[in-house]
Amino acid sequence: MLSYFLKKLLYAFFTLFGVVTVVFFLFNILPGDPARMMLDQNENSEQLLAIKKKYGFDQPKGKQYLLYLNDLSPISVHSKTEGDYSFNTDQKYNGTVLFSTRQYNLMLKTPYLRESFQKSGKKVSTILGETLPNTILLATLAISIALGIGVLLGVVSALFKNTWLDKTIAIISTFGMSIPSFFSAILFAWIFGYLLHSYTGLPMTGSLYEVDDFGEGRHLVLKNAILPSIVLGIRPLAVVIQLMRNTLLEVLNQDYIRTAKAKGLSTTQIIYKHALKNSLNPVVTALSGWFASMLAGAVFVEYIFGWNGLGKEIVDALNTLDLPVIMGAVLIISSSFVIITILVDLIYAYLDPRIKLN
């Protein structure tokens, strides 16, 4: 188990290192001056030079890349020389000095994703910290809907193979896979948020928190998550239904299932105690990929429903060329893929004891 985690951590390190490298050079070859983006229309030559010196934009690309790695690394080296880009460690990082020399500090800190170009120097970590939980909540609800309903319909479809019920479920799942998310979002918002609003009570748009008309602060509005989570869960729901049906049919033809039937176990006992658990591995694989993809792929759904999440933040950042926010979001999503991959392996080992972690 220990060797497995060490191996996975090593893979994760090289994966994220590659992502950081690609992201940095990809966005730094784009036309435009980051310093001018930060100053907008209020720039002058002195301010421009000061911003470039403060953030290291006046340095060669190679050195800027090393400085970016230094910012992201949890253990990093920083100069004490005033005027150096990496000087104001106390203001820039929340960290602890591990070792100090006359010129440098070795610090233990949280990864520093830098500051937004467009939001008055607001830290990217703060921006993403405000929006990422909303997207995680939306993705979790969507996956829960897909798993709960999808497994049930998949089992029903397998048990009633080639009947009208099986064919109806197959048509519904195919239809769900075929409809683009943005069209589903518009359709659901119009039908349930507008036409049937008096019956459903659901709004067309809204985020997890809203500010009341009297300015008394934010309050939680959970009903705003219903429509976007359903829309986001439609496509993975269709995948789960088909995977569950096909896998369960294969499992039901295994020898140990025939043995269970010969012992006189009921269909319910065979499904629940023997077949279901072994049929969930492909479903877990599919949902793990969908969950990570939802963190980046909920853009249209969040925009249409006005949901203040990571996808909406990425689109806003792209519109304003807010590069630190875009780069930070890409790194967060990449890290999510790595973490989810490790968790899926652990779930595999739980669902099927024959799988060994090595």
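Just the heavy atoms: all of them, side chains too, but no hydrogens, waters or symmetry mates, feed the values below.
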Look only at the side chain of Ser229 and the backbone of Ile226, and say whether a donor-acceptor pair between them is shorter than 3.5 Å. yes
Taking Asn308 for the side chain and Leu208 for the main chain, is one N or O donor matched with an acceptor at less than 3.5 Å? no
Using atom types as modelled and distance alone, determine if a side-chain donor or acceptor of Ser173 lies under 3.5 Å from a backbone N or O of Ile241. no
Test Ser157 against every option in Asn162, Asp166, Thr163 by the side chain to side chain donor-acceptor pair (under 3.5 Å) rule and name the one that passes. Asp166
Just by distance, do the side chain of Asn70 and the backbone of Leu66 share a donor-acceptor pair under 3.5 Å? no
Is the backbone of Asn134 close enough, under 3.5 Å, to the side chain of Trp307 for a donor and an acceptor to pair up by distance? yes
Can you name the closest pair of heavy atoms from Lys312 and Glu302 and give their distance? N-OE1, 2.9 Å
With no hydrogens and no angle check, is any side-chain donor or acceptor of Lys223 less than 3.5 Å from a backbone partner on Pro203? no
Angle between ring planes, Phe192 versus Phe188, binned at 30° and 60°: parallel, tilted or perpendicular? tilted
Which heavy-atom pair separates Ser76 from Lys109 by the least distance, and what is that distance? OG-CE, 2.7 Å
So, the side chain of Thr131 versus the backbone of Ile127: is there a donor-acceptor pair under 3.5 Å, distance only? yes
Counting N and O atoms only, with roles assigned by atom type, does the side chain of Gln64 sit under 3.5 Å from a partner on the main chain of Gln59, one being a donor and the other an acceptor? yes
Without swapping roles, check the side chain of Ser73 against the backbone of Leu69 for a donor-acceptor pair under 3.5 Å. no
